[in-house]
Amino acid sequence: MSSERYPFSEIEAKWQGTWESSKQFRVDQDPSRPKFYCLEMFPYPSGRIHMGHVRVYAIGDLLARYKWMRGFNVLHPMGWDAFGLPAENAAIEHGVHPAIWTYENIDNMRAQLRKMGISYDWDREVTTCDPDYYKWEQLIFIRMLERGLAYRRRSTVNWCPSCQTVLANEQVEAGRCWRCDSEVTKRDIDGWFFKITAYAEELLAWCDRLPGWPERVMTMQRNWIGKSEGAEFDLPVAGRPELTLRIFTTRPDTAFGMTYAVLAPEHPLVDALLTDPAERATVERFRAEVARQSELERTAEDRPKRGLRLQAQVVNPFNGAAIPLFVADYVLMTYGTGAIMAVPGEDQRDWAFARQHGLPIIETVKRPEGWSGEAYTGDGVKINSGFLDGLTIIEAKRQAIDWLVQQGLGTAKINYRLRDWGISRQRYWGAPIPVVYCPVDGMVPEKEEHLPVVLPQDVQLSGKGGSPLAEVASFVNTTCPKCGGRARRETDTMDTFVESSWYFLRYCSPHYERGMFEPAAADYWMPVDQYIGGIEHAVLHLLYARFYTKVLRDLGLVKVDEPFQALLSQGMVIKDGAKMSKSKGNVVDPDDLIRTFGADTARLFSLFAAPPEKDLDWNDHGVEGASRFLNRVWRFVLQHAEEVRTALSVYVGGGETPPPTAPPDRAGATARSSNSDSGGRSGVATIRSSEGKVFRRTIHETIARVTDDLERDFHFNTAISAIMELVNALYAFEAGPRDRLPAGERAALLREAIETVLLLLGPFSPHVTEELWQQLGHTESLFKRPWPTADAAVLVRQEVTVVLQVDGKVRGRLTVEVDAAEARVQELALADDKVRPWLQGRTIARVVVVPNRLVNVVTRS
RNA sequence: GCGAGAGUGGCGAAACUGGCAGACGCGCUGGACUUAGGAUCCAGUGGGCCCAAAGCCCUUGGGGGUUCAACUCCCCCCUCUCGCACCA
């Protein structure tokens, strides 16, 4: 059966070779043309590409090629996120060095990507495990260190026992490792942090200034940053004038309803409060129990709150009442001050705990009529609240804070959920952190002229835990950059998310040797105009990259505030309702697919089957449909190639004209009149027959639809369906009687239609269209042609079909001239044979005429 | 619990600011061409009433509402997906 198909293998190999050897997609800065930076998230070189890659790169290439044809100077690069654990794990399992494993995988995957025929500028390929790459990251690390944006401290961190390394908060998903799904534990360990919290407010503020990002991604980032405004203040410990308990609340207005207070079990004040040895023993037992719980257990749904009442009491400064003090597992040491005032009347968690322990509940907000709930968090007027009584909640918050400030007890306070980014990894295959520990000078950054600190090649990878670099004497033992004495190198490596936080900047000038990137190049190309990638990075990579860009801006290196102007989050590729996985046996291998159907078909189907942001349910029959369509185009074009080659043009693009160099209209599909210079030109056919005119309008309507779908909202699937409709119309046009319109017109129209199909379809399925374009006698690449424009004059209709309704139900249709007078349309509608029977015995109450659309006759009996 | 998104034929999906629901594709049915068809081309294909046609009725998760007109706007409810989750 494959003999029935067009020879896609030969064609695809041919054009991939041609595009590469002619460096067709190589770009340079060109200030005279508008730029478009199109970027897909670069892959981790795992060894083979999967269908998710096919989908994301098909989308990226479609946009890149389309923008080329629209006259943009398009930067479309590719590279490799090459550091990471899988390489190291492969080394441990198979004894192959991570570098060898990684570079072999890169070679494999590059070959696979080349078979997809994507318009990358391969001269800009970047590989992050290359010392020429991470050198600059090390330099920026030192700059960040100087500004306090990188720091080292001991803290309780997330530890993946399987990966044997620390994880950042963003890399823990529901208590499990983002990479290997192992349950995460806690560890107290020294490590390096990036001070992303210093940018919390700015990162949050810009969430409202990136209209090109999907709302759900922005929401996830906002939630992750988790800003909450409130107050921090002290509760004196009763009978212990030297001790106070600092608490954070978002509801200072409810302070009069405070009936107890709670400390996190790990809170340092607990020790100072314990004087009785028996109590100390009980509390220690409780703390040990809580500590034993895993993150998963502690955050399990509907878990009862566990707490222990201390002998000590604290004083509510608002009313002087002495209230009980608890340690309880529902208060977290990692948020706020690790201690809370409990207001069971207005907080559901406090309510549940108070009920459990028989604690009093005071309501401080008037409940609405008929309220029968538990804790009340709604609006209302303050009651039982001393000087706050009668105020609204908002006003009471303000006055409570004013009072705290006057009394010297506390202040207004903003807290964020966002934690600093822990970047230390106790693993080998990553960029070395460029610092040295000297017995005399302490921690000292490596001298800039000594960068990069190169990752040594000869290393034992046992997988037994501990930084492998610590075992490499030649690496560890060094001299202090300051005093020249004996010193030790840092043996942790950086989180691989650091490399991916700036690769898009390196692409701007990948071979630049005097810095991270050439300033002029970054100024020209940045920001990325369209970024495309999976939703799994909604917080992780996308938040880190935003942060890192702002750091680089503040270091004076880039001018942009944000790296990515617009983001397209493409959905997953699933099959039979489930994510593709080996264990489910529902994996589609891109190589098989390309071998059986060709890259053009694989790409076309992945763009056609679903809108890009939705999950794509892979369907083998659907792929055959895409293949069938390309074959249909192939056969038709070749059958008529001879006729087209000798046809006159009705098309301004006819003949070999150079691509446009004038800046196109970035706003989109405004039609340049495509036959403005065709009048009276020899070799140009004029369409006179009405059938020809109708068909020509179909061609131009398709141009308008496809352009609109691409410009407006990434409606790739409907763009393809519009092209399919045009091809169907083309078959129908061709099948009609030959003599119904002049031969010259017929040939000219076939030519315009066929050339339009190829131009519109090109960015979706580039090889077959490029081949057919050449078969039509063109000597220049299809992708150097301007994108076709719909001719406004051709789109004009003389007549429209108007729907006739009686009482909202369709009863007939009417053809009238465009913009016919309403009164005339109404008259024709009421006289219509299909309409009249429905008016028998009824009175016309009203006639609604929507110009060029419909007439609705409203009746009553 | 909080937040975001989504519910439309047998399936993937269309329908721009309210104006012919189901474009396009898959699948299915019938026909043509064929030694053959799992190639290709043509026609049909939401459900129901009807021998059939013309025609009529019903149909966008459920229930209300606004409107001449609702997949689209408003209110209530149900289901699913994703994210965060004892964040004070």
Side-chain angles (χ1 to χ4, degrees), chain A residues 1-5 173-174 214-224 226-228 230 247-251 254 262 264 298-305 328-332 334-343 347-350 352-353 415-417 535-536 538-539 571 605 608-611 613-626 628-629 631-632 635 705 708-709 712-713 715 717-725 727-728 731-732 735 801-813 834 837 845-850 852-859:
Chain A
M1 66 177 174
S2 57
S3 61
E4 307 286 349
R5 295 211 183 102
E173 293 168 350
E215 190 51 41
R216 69 172 167 155
V217 173
M218 293 284 66
T219 307
M220 281 161 75
Q221 293 214 352
R222 273 189 212 104
N223 292 345
W224 189 261
K227 179 180 182 174
S228 49
I247 62 105
F248 171 73
T249 178
T250 53
R251 291 290 303 274
T254 63
V262 189
R298 199 164 164 174
T299 57
E301 217 171 328
D302 287 338
R303 229 178 105 266
K305 303 177 192 339
D329 62 355
Y330 80 100
V331 173
L332 309 174
T334 49
Y335 187 77
T337 62
I340 60 158
M341 67 169 191
V343 183
D347 184 287
Q348 186 58 33
R349 294 155 300 180
D350 296 346
F353 191 81
N415 260 319
Y416 298 91
R417 214 181 69 99
I535 189 71
E536 66 274 16
V539 174
F605 179 69
F608 176 65
E613 67 281 0
K614 280 188 71 171
D615 284 350
L616 188 163
D617 200 346
W618 197 265
N619 176 312
D620 294 336
H621 291 302
V623 183
E624 284 167 31
R628 202 173 297 154
F629 171 67
N631 275 292
R632 211 165 132 78
R635 277 195 313 271
R705 283 169 66 190
D708 194 49
D709 280 344
R712 221 171 12 121
D713 227 354
H715 286 178
N717 52 337
T718 50
I720 294 167
S721 74
I723 301 171
M724 287 172 166
E725 284 181 67
V727 171
N728 291 345
Y731 268 83
T801 301
V802 165
V803 170
L804 303 179
Q805 295 183 335
V806 178
D807 293 322
K809 291 196 196 307
V810 180
R811 298 302 179 190
R813 263 159 251 277
K834 293 274 169 44
R846 188 180 163 187
V847 181
V848 180
V849 180
V850 182
N852 302 326
R853 270 236 154 94
L854 64 66
V855 178
N856 188 11
V857 184
V858 186
T859 70

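Per chain, numbering begins at 1; letters A, B, ... match sequence-line order. It should be emphasised that the depicted structure is a prediction, and the values quoted were computed from it without experimental measurement.
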Of the listed nucleotides [options], the one nearest the side chain of [X]:
X: A/Val858; options: B/C68, B/C86, B/C84; answer: B/C68
X: A/Tyr731; options: B/C41, B/G19, B/C16; answer: B/C41
X: A/Arg632; options: B/A23, B/A69, B/C41; answer: B/C41
X: A/Pro611; options: B/A13, B/C41, B/C86; answer: B/A13
X: A/Val331; options: B/A88, B/C68, B/C20; answer: B/A88
X: A/Asn728; options: B/C42, B/A88, B/G25; answer: B/G25
X: A/Val803; options: B/C86, B/C20, B/A88; answer: B/C20
X: A/Arg417; options: B/G25, B/C84, B/C68; answer: B/C84
X: A/Leu332; options: B/A23, B/C86, B/C58; answer: B/C86

* Do A/Arg813 and B/C20 share a donor-acceptor pair, side chain to base, under 3.5 Å? -> yes
* **No-H, no-angle donor-acceptor pair, A/Asn223 side chain to B/C84 base, under 3.5 Å** =>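 Result: no qualifying N/O pair found.
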Pairing nucleotide - [N], Watson-Crick or G-U, each distance under 3.5 Å:
N: B/A53; value: none
N: B/G27; value: B/U45
N: B/G7; value: B/C78
N: B/G83; value: B/C2
N: B/A32; value: B/U40
N: B/G19; value: B/C68

Between [X] and [N], is there a contact of a side-chain N or O with OP1 or OP2 at under 4.0 Å?
X: A/Asn717; N: B/A14; value: yes
X: A/Arg628; N: B/C26; value: yes
X: A/Thr219; N: B/G83; value: no

* **Closest non-hydrogen atom pair, A/Met341 against A/Arg251** => CE-O, 3.4 Å
* Contact summary for A/Ala538 and A/Gln221, nearest pair of heavy atoms -> O-NE2, 2.8 Å
Whole angstrom is fine here: how far is it from [atom1] in [X] over to [atom2] in [N]?
X: A/Met724; N: B/A23; atom1: CE; atom2: P; value: 14 Å
X: A/Met220; N: B/A4; atom1: CE; atom2: P; value: 13 Å
X: A/Lys614; N: B/U8; atom1: NZ; atom2: C1'; value: 10 Å
X: A/Glu613; N: B/A13; atom1: CD; atom2: C1'; value: 12 Å
X: A/Phe608; N: B/C11; atom1: CZ; atom2: P; value: 17 Å
X: A/His621; N: B/C26; atom1: NE2; atom2: P; value: 11 Å
X: A/Lys809; N: B/C56; atom1: NZ; atom2: C1'; value: 10 Å
X: A/Ile720; N: B/C26; atom1: CD1; atom2: P; value: 13 Å

Determine the interatomic distance between [atom1] on [N] and the same-named atom on [M]; round to the nearest Å.
N: B/U67; M: B/C42; atom1: C1'; result: 44 Å
N: B/A52; M: B/A36; atom1: P; result: 33 Å
N: B/A70; M: B/C58; atom1: P; result: 12 Å
N: B/G19; M: B/A15; atom1: C1'; result: 12 Å
N: B/U79; M: B/G27; atom1: C1'; result: 27 Å
N: B/A14; M: B/U8; atom1: C1'; result: 10 Å
N: B/G1; M: B/C11; atom1: P; result: 31 Å
N: B/G46; M: B/U59; atom1: C1'; result: 8 Å

Touch check for [X], heavy atoms < 4.0 angstrom, all strands: base, sugar-phosphate only, or nothing?
X: A/Gly808; value: nothing
X: A/Glu173; value: nothing
X: A/Arg216; value: sugar-phosphate

* Determine, for A/Glu215 against A/Arg222, whether the closest basic-nitrogen to carboxylate-oxygen distance falls under 4.0 angstrom. => yes
* **Chi-angle category of B/G9 [syn within 90° of 0, anti beyond]** => syn
* To do: Just do the side chain to side chain contact (heavy atoms under 4.5 Å, CB included) check on A/Asp350 and A/Tyr330 with the steps written out, would you?
  => CA-CA 9 Å; A/Asp350 296 346; A/Tyr330 80 100; 2.9 Å; yes
* Is NZ or CZ of A/Arg632 both nearer than 6.0 Å to the six-membered ring centre of A/Tyr731 and within 45° of the ring axis? -> yes
* Asked: On RNA chain B, nearest-nucleotide positions of A/Thr718 versus A/Ala339: which is more 5'?
  ->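 In this pair, the answer is A/Thr718.
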* Asked: Where each residue is assigned the nucleotide of RNA chain B containing its nearest heavy atom, which of A/Thr337 and A/Arg811 is assigned the position nearer the 5′ end?
  ->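 It is A/Arg811 whose nearest nucleotide is closer to the 5' end.
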* **Main-chain N/O of A/His621 paired to A/Asn619 side chain as donor or acceptor, under 3.5 Å** =>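 Answer holds: yes.
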* Do you see a donor-acceptor pair shorter than 3.5 Å between the side chains of A/Asn415 and A/Ser228? ->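 There is no such pair between these side chains.
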* Compare all side-chain heavy atoms of A/Arg813 with those of A/Val803 and state whether any distance is below 4.5 angstrom. =>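 They are in side-chain contact.
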* Asked: In Å, rounded to the nearest 0.5 Å, how long is the span from NZ of A/Lys305 to CG of A/Asp329?
  -> 8.0 Å
